[in-house]
Amino acid sequence: MPQTDFFDMVFQVVRLIPKGRVTSYGAIAAYLGAKSSSRVVGYAMNASHRVKPKVPAHRVVNRNGQLTGKHHFDTPYRMQELLEKEKIKVENDTVVEFKAKYWDPETELRL
DNA sequence: GTAATGACCTTGG
DNA sequence: ACCAAGGCCATTA
């Protein structure tokens with residue numbers, strides 16, 4: 001499978017996201033050193049379904065905190081359900097208190 | 001092989 | 001303050 005290292009790194013970071021926390025594509029891209037390639041991160045999520053260890057893509061949202069990719073899940077409700085399971089409130093396809101639950105790899109992982 | 005798209009973000013007018 | 005366009009990497013047609 002032509003999954004490049006970029007994808008793998010994205011999956012790694014996404015899998016490292018603590019429970020009850022969310023992050024944004026740009027944050028992961030920035031952590032990888034490619035803040036401009038935030039699109040690739042989103043594409044990686046799309047491929048996350050094919051990866052062996054499924055990646056918690058539901059914890060990844062855009063900079064606005066909106067569940068833009070919920071439509072790409074098995075069902076549009078799946079993402080919200082998973083988020084609610086993590087004690088993350090979601091309203092109007094948007095994470096409530098997003099900034100409060102925001103998890104920045106550069107700040108948390110980098111230390 | 002070229003062209004277009006995509007779960008985005010940043011910058012310019 | 002708002003609207004528009006560009007850029008990045010990989011995949012698919």
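Below, each value reflects all heavy atoms present in this structure, side chains not excepted, and no hydrogens, waters or symmetry copies. Since we're looking at a predicted model, the values are computed, not measured.
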Below the 4.0 Å mark, does B/dC8 have OP1 or OP2 next to a side-chain nitrogen or oxygen of A/Thr68? yes
Side chain to side chain, A/Tyr25 and A/Arg39, heavy atoms closer than 4.5 Å: no
I'd like to know if A/Ser38 reaches the base of B/dC8 with its side chain, counting only an N/O donor and acceptor under 3.5 Å. yes
Please give, in whole Å, the distance from B/dC9 C1' to A/Leu32 CG? 15 Å
DNA chain C: 5'-proximal contact among A/Phe6 and A/Arg39 (nearest heavy atom): A/Arg39
Polar side-chain contact A/Tyr25-B/dA7 base: donor and acceptor under 3.5 Å: yes
If you look at every strand shown and take non-hydrogen atoms under 4.0 Å, does A/Asn46 touch a base, only sugar-phosphate, or nothing? base
Going by side-chain contact (heavy atoms from CB on, under 4.5 Å), name the residues that satisfy it together with A/Gln12, two or more places apart in sequence or in a different chain. A/Asp8, A/Arg15
Would you mind classifying the nucleic acid contact of A/Ala57 as base, sugar-phosphate or nothing, using non-hydrogen atoms under 4.0 angstrom? base
note: A/Phe7, atom CZ; B/dG6, atom P; distance rounded to Å ~ 15 Å
May I ask you to say what A/Arg63 touches in the nucleic acid, namely base, sugar-phosphate or nothing, with a heavy-atom cut-off under 4.0 Å? sugar-phosphate
Taking the same atom, P, in C/dC3 and in B/dA7, what whole-Å distance lies between them? 23 Å
Atom pairs and distances, side-chain donor-acceptor, residues 56-67 of chain A, under 3.5 Å, sequence neighbours left out:
{"unit_1": "A/Arg59", "atom_1": "NE", "unit_2": "A/Glu86", "atom_2": "OE1", "d": "3.3"}
{"unit_1": "A/Arg59", "atom_1": "NH1", "unit_2": "A/Ile17", "atom_2": "O", "d": "2.9"}
{"unit_1": "A/Arg59", "atom_1": "NH2", "unit_2": "A/Glu86", "atom_2": "OE1", "d": "3.0"}
{"unit_1": "A/Arg59", "atom_1": "NH2", "unit_2": "A/Glu86", "atom_2": "OE2", "d": "3.3"}
{"unit_1": "A/Asn62", "atom_1": "OD1", "unit_2": "A/Asn64", "atom_2": "N", "d": "3.3"}
{"unit_1": "A/Asn62", "atom_1": "OD1", "unit_2": "A/Gly65", "atom_2": "N", "d": "2.9"}
{"unit_1": "A/Asn62", "atom_1": "OD1", "unit_2": "A/Gln66", "atom_2": "N", "d": "2.5"}
{"unit_1": "A/Arg63", "atom_1": "NH1", "unit_2": "A/Tyr102", "atom_2": "OH", "d": "3.3"}

Any donor-acceptor N/O pair, A/Thr94 side chain to A/Asn92 backbone, under 3.5 Å: yes
Closest to side chain of A/Arg50, choosing from C/dT12, C/dC9, B/dA7: C/dT12
Find the distance A/His72:NE2 to B/dT5:P and express it as a whole number of Å. 15 Å
Atom-to-atom span, CE of A/Met45 to P of B/dT5 - whole angstrom: 23 Å
A/Asp74 CG to B/dA7 P: how many Å, rounded? 16 Å
